[in-house]
Enquirer: 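One structure is given below, represented as structure tokens, and several questions about it will come after.
Naming convention: chains lettered A, B, ... in sequence-line order (proteins, then strands); numbering from 1 in each chain. Side-chain atoms are counted along with the backbone in the values below, which use heavy atoms only and exclude waters and symmetry mates. Quick caveat: nothing in here was measured; it's all calculated off a predicted structure.
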Amino acid sequence: MDITSRFGKRLLAFFNYMGAVSVLFYQTLFWMFTSRIRKNHILDQMNKIGVSSLPIVLLTSMFTGIVLALQSAYQMQKISATLYIASLVALSMTRELGPVLTALVVAGRVGASITAELGTMKVTEQIDALETLAANPIQYLVVPRFLATVIMLPLLTVYADFIGMFGGYLVGVYKLGISHSIYIRMTYEPLMFKDIFSGLFKSVIFAIIISIIGCYEGFRTEGGAEGVGRSTTLSVVISFILIIASDCLFTAIFYFAF
Amino acid sequence: MIEIINICKSFEDHLVLDSLNLTIQAGETMVIIGRSGCGKSVLLKHIIGILKPDSGQVIIDGNDITRMSEKELNNLRLKFGMLFQGAALFDSLTIGENVGFSLKERRYDEAAINSRVKECLAMVGLKGIDDLKPSELSGGMRKRAGLARAICTNPQIVLYDEPTTGVDPIMADAVNELIIELHKRLNITSIVVTHDMVSAYKVATRVAMLYKGKIIEVGTPEEIKNTKNPIVHQFIKGLAAGPITEEG
Ligand SMILES: Nc1ncnc2c1ncn2[C@@H]1O[C@H](COP(=O)(O)OP(=O)(O)OP(=O)(O)O)[C@@H](O)[C@H]1O
Ligand SMILES: [Mg+2]
């Protein structure tokens, strides 16, 4: 009885949270379509969110590609199928690892900084001040961050996919001795539109999660510097969980539906 | 005219405003005094609609703002200016951009914004700091920059949260003069929260004391000075011994 009621409470809290986050999401969409778009703010955020995340995204996906190729070589050599490493790397990168790893890196980097910035604004009453100056905080703060993340995350994912495949190529061609032309062909031949599309679709979902959770946790911040620290951690943890969970969900949907 | 009718507000189970009533006439300067933590800032935030009361109404020129939509509220806020206790300047923007923020939001042209920003900064004694960031200013300078931002749009109602706290005595008097001048020249309705009794007597047309979630006395500075209420008496005289401290 006690365990079930406690579990029920947790579940209720979870749905409450998701409800509040959804409200912020709808409000963001509402303001995005009903008010003027702040081009400068969006470009500024795109630069902060996208361009400056590029190095770490490239680094992560390059190493992932290399590791992926090496680890599968270990298996594939036993059945003399090393050729298929190219296809394996290409498919894993575009369908799964590119979008997810990029999203996790960006959640850690960008989600945290969005929450820290908005959280600091909240505890120093800057968000209140924004309202008194007749500017809507969602329109002014959330919409540019949301749009910038939704545009930049898929772009970063495309880069990650390519660099990951390049990492695999280095291993395949220089370590395992697969010829250049065969490796390239084995990379793009099995790749279909739906592989790339499903990867990018997921990265759009992840971008929504990162930006909305980042902003929501920022707005909810209370209690000075300590509170900012707390909500920043929370924002990253919750984004991670939601990214992994929604990845699982959408992978299953794509697997069964297409 | 601003009518605050029976508002209650609590945070978790801490009751801050308890059926509070207060009416502020158009064109008057109402000073709200009270102990630290008694809810003065919370009260100001209710008047401009950043906080919503648990119950009760805030009626501004006949419209109940607790029932307004976000859009209506935004329109109404164009009439308001507010100086926050901690100034609340946007630290990603320069002082000039901070002061001209609402004008820019309302898409005034660049030259008009610039000249108005310069004018407002000069009024609060901060010439030539347009390009600095808030983090480069002292506390008192930030407060004054916040004041410049609050009055930049020529609002009809200005809320000042402790305008003279953290400002040196000479500048504090200049701030008082500014409040009085805005009041006289533009017939602005002002609500001033302060602990500083000198400033309170100087700028007020009426003074209200907030105690335990209610307004316990309202009157002209003369009436307040000669109050019969022992609580108000202790507060304005700044006595350590008296009914406020005895109750704990
Ligand atoms: N957002 C909030 N969440 C929880 N409690 C709050 C919040 N804002 C204010 N309070 C509480 O309300 C009470 C009144 O706070 P308020 O800031 O209005 O005091 P004040 O009268 O302005 O004090 P001071 O003169 O020191 O500025 C305090 O006890 C404070 O703890
Ligand atoms: Mg206060």
Enquirer: Which one of A:Asp128, A:Thr124, A:Asn136 has the most heavy-atom pairs closer than 4.5 Å to chain B?
Expert: A:Asp128
Enquirer: Report which part of A:Thr132 has an atom under 4.5 Å of a heavy atom belonging to chain B: side chain, backbone, both, or neither.
Expert: both
Enquirer: Could you tell me which portion of A:Ile127 (side chain, backbone, both or neither) has an atom closer than 4.5 angstrom to a non-hydrogen atom of chain B?
Expert: neither
Enquirer: B:Thr164 and B:Asn176: side-chain donor and acceptor closer than 3.5 Å?
Expert: no
Enquirer: Taking NZ, NE, NH1 and NH2 as the nitrogens, is one of them in B:Lys104 or B:Glu97 under 4.0 Å from a carboxylate oxygen of the other?
Expert: no
Enquirer: Going by residue number, which parts of residues 221-242 of chain A are within reach of chain B, meaning a heavy-atom gap below 4.5 Å?
Expert: none
Enquirer: With sequence neighbours left out, what residues match A:Leu11 under side-chain contact (heavy atoms from CB on, under 4.5 Å)?
Expert: A:Phe7, A:Phe15
Enquirer: Tell me, for B:Phe90 versus chain A, whether the close heavy atoms (under 4.5 Å) come from the side chain, the backbone, both or neither.
Expert: both
Enquirer: Quick one: of B:Lys45, B:Arg106, B:Arg107, who has the most non-hydrogen atom pairs under 4.5 Å with chain A?
Expert: B:Arg107
Enquirer: Check the side chains of A:Arg36 and A:Gln139 for a donor-acceptor pair under 3.5 angstrom, ignoring hydrogens and angles.
Expert: no
Enquirer: Output all residues satisfying side-chain contact (heavy atoms from CB on, under 4.5 Å) with B:Lys79, sequence neighbours left out; order by chain, then residue number.
Expert: B:Asp61, B:Leu76, B:Gln156
Enquirer: Please look at B:Leu89 and chain A and tell me whether the side chain, the backbone, both or neither of the residue comes under 4.5 angstrom of a heavy atom of that chain.
Expert: backbone
Enquirer: Which atoms of B:Asp91 come close to chain A, meaning under 4.5 Å heavy atom to heavy atom: side chain ones, backbone ones, both, or neither?
Expert: both
Enquirer: Between A:Tyr216 and A:Tyr17, what is the ring plane arrangement, given parallel below 30°, perpendicular above 60°, and tilted in between?
Expert: perpendicular
Enquirer: Just checking, A:Arg95 and A:Phe254: is the charged tip under 6.0 Å from the six-membered ring centre and within 45° of the axis?
Expert: no
Enquirer: Can you find a side-chain donor-acceptor pair between A:Thr157 and A:Lys202 that sits under 3.5 Å?
Expert: no
Enquirer: Who pairs with B:Glu162 by side-chain contact (heavy atoms from CB on, under 4.5 Å), at least two apart in sequence or on another chain?
Expert: B:Lys40, B:Gln85, B:Lys143, B:Thr165, B:Val193, B:His195
